[in-house]
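Read the structure below first, then the notes.
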Amino acid sequence: MMLRIKRVPTVVSNYQKDEGEDAARRGGGCGRNCLQKCCIPGAKLPLYTFKRAEEIPGDKCVLEHDDNQAPVAFLDSLLLGQWEDRMQRGLFRYDVTACETKVIPGRCGFMAQLNEGRHLKKRPTEFRVDKVLQPFDGNKFNFTKVGQEEVLFQFDASEDGEVQFFPDAPVDADSSPSVVAINVSPIEYGHVLLIPRILECLPQRIDRESFLLALYMAIEAGNPYFRLGYNSLGAFATINHLHFQAYYLAVPFPIEKAPTRKVTTLGDGVKISELFDYPVRGLVFEGGNTLQDLSNAVSDACIFLQDNNIPHNVLIADCGKRIFLLPQCYAEKQALGEVSSELLDTQVNPAVWEISGHMVLKRKKDYEEASEENAWRLLAEVSLSEERFEEVKALIFEACSYTLSEKEDEHLTQGAGDDKPPLEGTGSINKGRNCNMVSGTQECLVLQ
Amino acid sequence: MEPPQLGLIEQSFNSRYSNWAREALDELPDNFTITDPCISGHPIVFASRGFLKMSGYSRDQVVGRNGRMFQGPNTCRRSVMEIREAIREERGVEISLLNYRKDGTPFWMLFRMTPVFGKDEGRVIHFVAVQVPILRRRQRRRNGEGLCGEILSNSCRREVCSSSSVELAGVSAADSDCRVTALEIEEKCEASDTEKQLAATAIRNVLSVLTHYSESTGRLVCEKRVDPHLPDIPIVYASDAFLRMTGYARNEVLGQNCRFLTGVDTDPSALHQIKQSIQAQQACSVRILHYRKDKSSFWNLLHISPVRNATGKIAYFVGVQIEEGSVDRHGLSPEMRQLSVVGSIKVAVRISSP
């Protein structure tokens, strides 16, 4: 049985049309200055190249640079300046700063925004929510169809190990550029889309290289209020073309403030914790001896989830220092009719931002009545049950061949809200399915 | 025209707008008139060169007279009524209207009128009307010569009943030609989008000149009725770089309006552009001559933008100053850097922890 839900997809580009319409327009040059073969030759866009780092630089969330003018802040300025430029050029469907917003009183600090213009009053489209991996379909909207004016800059690793900015670089199709584009229906100021290797038309699925690119973006921006998010298919992504989202919001997200309980530290230094006292169950990844270690730990988990058809969302926060991984099941529940109509009426689709605590509401009534209680209740529906989460967590660890560290004790004093007794005994998880049992308290890994 | 009336008319214009206003208005290519509803008879106090050419009259024949002098037998009475109502309600109107030239030939034009308010008084002081000729279109279906004739004589009768003898003379002259041209008159003529746009542009041009040149007389005018008690947009934050650039101390700057930066050679039109943008709640970039505390001047590439807070309403205006000639860093142009400052401020003001 194919599971489907109906929703009106968000318009992220001024060139996004109904799929039927789009198919009819196929064939012939477009004259729209897009990113397809018709318009790419000769195209020029600004290019920002970052320096690959071997090490995560300890306390600093910036990379070392020779120039003492702090070029790390440069990406931040570039993003903000380019975004404001597009605002003044009228490329957005509405001024998001004209949308009322508030922090809901309570201990979590959920944020609500009243945005009546984001959601179109169109007929809803059907989305398959039972398959996290679906093949790319060139007939549907994808980001090569956006206008070049919606692209802010190309974003890639520098060839020679230096941070560089080229205001007017040719778009070289052969080098498979990645780009940052605006979201014309922004949730917040600075809402952009990071599209890794855009011309390769990758479907919405995580791979190690793309995730690392997203992580670099968070680091390069160097702004703790600039986060990146990812929604898998089935977890409310609507465009099956690999992309991450990002925007600025100058307050902490509730998920960032939630207490965590350490699960384990891997041999490569990556610390994995789980959220507690938060409506949605999820894992938090931090640390790592190198950036790649942290990145791969998360990507591998995502790859496992997508291969096993478990929808999930990812939040990259704290300038890339903390990454949240949240498996979810709301879409499936919706398709099976298991969600209360009260929640359905709010038409909130809990993607990464909502799960992180930022709700965009369409109806004034919902905005005015927004409370910590009903935000919590909605998100609780999104979460995997405790039982299921434990199961999934175990499977992730098993499949990712995470090697546990032998020096567990040293890490026990780090981390928020961590006052449990130390692990009794350590062990390593082998590759494959023959794993050792690791005993201990709730924070330990329990395997079949 | 009796001398006292003429004096009033001159004063109507001159007391509001500086001498340069007439010159500036004369430079505009548009057809327009400015009328004063406060003088008995609601006379024209200014007519543009374009208008005079279009209508075939000389300035003396037009200034001091009411606009109905250009109406004629086939001018739609309902349209005239709409204009009259708009005047009474002190609001704008846009309508296509049949007018007559001095030689009696009728022509269709898009008539767009807007009130001008005195800033201090908060009431209407002038009306600006622009006239965009509508190009001839295909004939609309007519009911026949008989009906035209009826309309003709009805409107003539109405004109005869009106008070002014001057108007009667005007109508009579037109009347003799009416029958000849009646067959060619359409009952209704719509303006195209282009013509509407021309009208809108023309209105903007005229209002721009009027608001600008009303400043030096101290008796400001503006497009909208404003609350004369609105505060003067004081500075609430000044960056260190701003203080360094201008040479002022923070306490000398906070609470003041930015105009303390202007001086003798600052171009009023730059100031005017700033004011207009602020009123229109839009961003703008100007190159303006500013003065430091030590009286030395510098060219300021100033970008001003409205900034909204959590309520979604405009709470501040941010002005980002870049001294012309300062060095670019890292390839970001001054304009891009200014925009990024605006962006940072927007992010910061947007929401805050309770």
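Below, chain A is the first sequence line, B the second, and so on; all start at residue 1.
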Looking only at heavy atoms, which two atoms of A:S77 and B:S340 are closest? And how far apart?
O-CB, 3.0 Å
ring-ring contact (aromatic ring centres under 6.0 Å, His included) pairs touching residues 302-322 of chain B, sequence neighbours excluded, are none
Could you tell me whether A:K257 atom NZ has more than 12 heavy atoms of other residues or ligands within 6.0 Å of it?
yes
Under a 4.5 Å cutoff for heavy-atom pairs, which residue among A:L80, A:L79, A:L114 has the most contacts with chain B?
A:L80
Give, for atom NZ of B:K346 and atom CG of A:D95, the distance between the pair rounded to the nearest 0.5 Å.
6.0 Å
Is the number of heavy atoms from other residues, nucleotides or ligands under 6.0 Å of A:D160 CG greater than 12?
yes
Nearest 0.5 Å please: distance from the CZ atom of B:R308 over to the OH atom of A:Y189.
12.5 Å
Closest approach of B:L339 to A:G81 (non-hydrogen atoms, all atoms of both residues):
CB-O, 3.6 Å
Report yes if some heavy atom in the side chain of B:I351 is under 4.5 Å from a heavy atom in the side chain of A:L249; otherwise report no.
yes
So do A:E84 and B:S305 actually touch side chain to side chain, heavy atoms under 4.5 Å?
yes
Tell me whether B:E252 at atom CD has more than 12 heavy atoms from other residues, nucleotides or ligands lying less than 6.0 Å away.
yes
Do B:C284 and A:Q88 come close enough that some side-chain heavy atom pair is under 4.5 Å?
no
Taking A:V96's backbone N and O only, do any of them form a donor-acceptor pair with B:R350's side chain (distance below 3.5 Å, no angle check)?
yes
Approximate separation, where rounding is to 0.5 Å, of A:L78 CG and B:M336 CE:
7.5 Å
Taking atom CD as the centre, does B:E324 end up with more than 12 heavy-atom neighbours from other residues, nucleotides or ligands that are less than 6.0 angstrom away?
yes
Contact class of A:Q164 relative to chain B, heavy atoms under 4.5 angstrom
neither
Min side-chain heavy-atom separation A:K102-B:T311 under 4.5 Å
no
